[in-house]
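Some notes on the structure that comes next.
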Amino acid sequence: MTKDAQTPKSGTRFGRRDALRVGGITLSLAALVAACGDDIEGSEAPGRVGYAPPVTDPPDYPVDDAVLLRTSSSLENTIISVYDEILAGGALEADAVTLFERMIEDHQMISDEMNALAIGAGGEAWGCTNPWMIDRLVKPVMEVIETSDDPARDMLSFAISLESLAAATNQTFASELSTANLRAAAISAATLESRHSAALPIFAYGPVSYVSPALRGEEPGTTSEDLPQWYAITSAFGSISQINLVIGAPDENGTRSSFFLQTPAANSYIYNELEPTC
Amino acid sequence: MDPETAEPASSRRSLIGAIGAAGLASAAALVAARPASAAPYTTTPEDRELLEQAMGLELTARDLYLETIEAGVSDDILEVVEALSGNHSAYAQAIAAAIGASAAGRNEELYADLQPEFATTDTEALATAGWNLENSAVATHTELASLYESLDAVSLTGSILVVEARHATVLADIGGFSDDLDKLFNPQSEPLVLAGGTGGEQS
């Protein structure tokens with residue numbers, strides 16, 4: 001009797017390969033059934049890779065006029081604290097010191113006005129800096145400036161970006177505040193801070209910084225150190241988009257530190273429920 | 001030229017003469033009492049009336065800088081003057097889009113008043129005239145912003161006047177008086193008279 005070539009040695013018609021195949025199909029179907037079931041448990045958040053800090057949900061507090069005004073005041077106070085630190089460092093020339101002292105006066109005036117309006121809107125004055133901005137922006141930037149190849153240059157760049165941020169913030173709040181007098185205050189603040197933001201590049205770079213080539217549809221220029229050139233007139237309309245700050249000494253690849261400044265949002269508002277931190 | 005003496009004549013200093021002080025007062029009272037949540041997003045008929053005046057101002061500014069270019073301004077500041085004229089043209093077009101009209105109808109009275117100051121090749125004189133105009137435009141838009149009912153009008157106006165403040169800062173430097181920080185940051189400008197702005201000749 002000759003053995004059939006198709007018959008396995010065991011003598012059955014169901015071989016090891018068939019067992020593996022059937023087992024795989026069974027497991028796949030089981031996984032499919034489990035995935036389609038309605039008893040799913042566990043986190044539904046997207047998967048995370050690496051060691052990024054956990055995501056913190058923004059506070060779920062109401063945003064009213066007082067919150068916007070307190071936030072504006074906190075930004076003004078933050079800028080004052082940065083300028084105080086810059087002046088204390090002693091790296092600026094005498095004419096720059098005069099300019100920074102004047103800008104501090106102006107920011108203090110705006111902060112006081114915003115706090116008075118916040119009280120009028122039923123809130124409380126906020127005499128502190130903005131904690132979120134201090135932790136996420138000011139401290140990291142000042143650390144980079146400390147080890148910069150040109151601290152005075154980077155301090156001016158930081159000041160230009162802060163003035164632009166303050167102008168953009170108050171420009172944004174002007175259309176979010178509820179009454180005409182509050183809007184007028186925000187617009188006046190935005191106007192003054194736009195003047196600061198325009199004066200600083202002229203102070204640092206002269207006439208080359210008057211108008212950005214972007215207004216002619218050309219690429220904005222760079223400085224002799226290959227840093228982005230700051231301009232007094234950057235666009236036709238007031239921009240509220242993020243501001244790119246490039247500072248610090250270049251690394252071995254010639255790359256400097258970049259920071260992106262954004263107008264306050266849910267995670268950096270000074271809600272009425274927050275207690276002062278100073 | 002002293003910027004203080006170059007401010008616009010008093011005939012240009014009270015706002016929106018065509019609408020009238022009483023109308024402005026009542027409009028301001030209404031707007032001040034309205035919470036933002038109740039403010040309409042798109043421009044109202046009352047807004048469009050005011051925005052049309054603002055558009056006339058922007059067209060006037062555009063044409064005044066074109067006068068300077070035509071007069072043969074120095075190459076050193078030609079790019080600046082072209083940018084300022086272009087920006088004011090963009091503002092007029094943006095306002096026109098907001099009110100559903102074409103960008104036409106400069107303020108002829110204002111134009112005639114200021115044209116001699118802008119038809120010049122004297123850089124410092126031009127800078128002073130431009131500085132006055134830009135700061136007056138900022139004051140005018142600031143005043144108007146407190147009268148608008150719609151968020152669109154407030155938002156557009158805010159985005160215009162903050163750049164006009166930058167224009168003024170550049171012109172102060174060109175004019176050689178940017179060392180005076182009071183003039184630079186806190187110019188004492190009054191809103192312009194916009195009476196007669198509507199219905200003028202198209203430019």
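Every chain is numbered from 1, with letters handed out A, B, ... down the list of sequences. Just so we're clear, the structure is a prediction, and the values are computed from it rather than from any experiment.
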Checklist entry - For A:Gln229, does the CD atom have more than 12 heavy-atom neighbours from other residues, nucleotides or ligands under 6.0 Å away? => result yes

Checklist entry - Going by residue number, which parts of residues 77-87 of chain A are within reach of chain B, meaning a heavy-atom gap below 4.5 Å? => result none

Checklist entry - So which part of B:Val162 gets closer than 4.5 Å to some heavy atom of chain A, the side chain, the backbone, both or neither? => result both

Item to check | Part of B:Ile77 lying under 4.5 Å from any heavy atom of chain A | outcome: neither

Next on the checklist: Take a 6.0 Å sphere around CD of A:Glu225 and say whether it holds more than 12 heavy atoms from other residues, nucleotides or ligands.
Outcome noted: yes

Next on the checklist: Given heavy-atom pairs under 4.5 angstrom as the criterion, report whether the side chain, backbone, both or neither of A:Asp106 touches chain B.
Outcome noted: side chain

Next on the checklist: Out of A:Ile187, A:Ile233, A:Thr234, return the one with the most heavy atom pairs under 4.5 angstrom to chain B.
Outcome noted: A:Ile233

Checklist entry - What's the shortest heavy-atom distance between B:Ala165 and A:Thr191, and which atoms? => result CB-CG2, 3.6 Å

Checklist entry - Looking only at heavy atoms, what is the nearest atom pair of B:Thr142 and A:Ser188, with distance? => result CG2-OG, 4.2 Å

Item to check | side-chain contact (heavy atoms from CB on, under 4.5 Å) between A:Tyr231 and B:Val170, worked out | outcome: CA-CA 10 Å; A:Tyr231 293 100; B:Val170 167; over 6 Å; no

Item to check | chain A contact via B:Ala168 - which portion, at a heavy-atom distance below 4.5 Å | outcome: side chain

Item to check | Atom pair CG/OG1 of A:Leu200 and B:Thr169 - distance to nearest 0.5 Å | outcome: 10.0 Å

Next on the checklist: So which residue, A:Ala174, A:Ala184, A:Ala199, ends up with the most heavy-atom pairs under 4.5 Å with chain B?
Outcome noted: A:Ala199

Checklist outcome for this item: Among residues 206-220 of chain A, those lying within the under-4.5 Å heavy-atom range of chain B are A:Tyr210, A:Val211, A:Leu215, A:Arg216

Checklist outcome for this item: Those residues of residues 152-161 of chain B that come under 4.5 Å of chain A on a heavy-atom basis, listed by number, are B:Val154, B:Ser155, B:Leu156, B:Gly158, B:Ser159, B:Ile160, B:Leu161

Checklist entry - Under 3.5 Å, is there a donor-acceptor pair linking the side chains of A:Arg102 and B:Asn186? => result no

Checklist entry - If you count the non-hydrogen atoms of other residues, nucleotides and ligands that lie under 6.0 Å from CZ in A:Arg136, is the total more than 12? => result no

Checklist entry - Should we say atom CD of B:Glu46 is surrounded by more than 12 heavy atoms from elsewhere, each under 6.0 Å from it? => result yes

Checklist outcome for this item: With chain B, the option among A:Gly238, A:Ser239, A:Ala236, A:Ala168 that has the most non-hydrogen atom pairs under 4.5 Å is A:Ala236

Checklist entry - Which bit of B:His141 is near chain A, if near means a heavy-atom gap under 4.5 Å: side chain, backbone, both or neither? => result neither

Item to check | Heavy-atom closest contact (A:Ala232 atom, B:Arg166 atom, distance) | outcome: O-NH1, 2.6 Å

Next on the checklist: Minimum heavy-atom separation for A:Phe237 and B:Ala94, please, with both atom names.
Outcome noted: CZ-CB, 3.7 Å

Next on the checklist: Once rounded to the nearest 0.5 Å, what's the spacing between atom NE2 of B:His167 and atom CZ of A:Arg195?
Outcome noted: 12.0 Å

Item to check | Partner set under salt bridge (charged side-chain N to carboxylate O under 4.0 Å, His left out) for A:Asp95, not counting sequence neighbours | outcome: none

Item to check | Closest non-hydrogen atom pair, B:Tyr148 against A:Arg183 | outcome: O-NH1, 3.8 Å

Next on the checklist: Atom CG of residue position B:Leu184 - does it have more than 12 heavy atoms of other residues, nucleotides or ligands inside 6.0 Å?
Outcome noted: yes

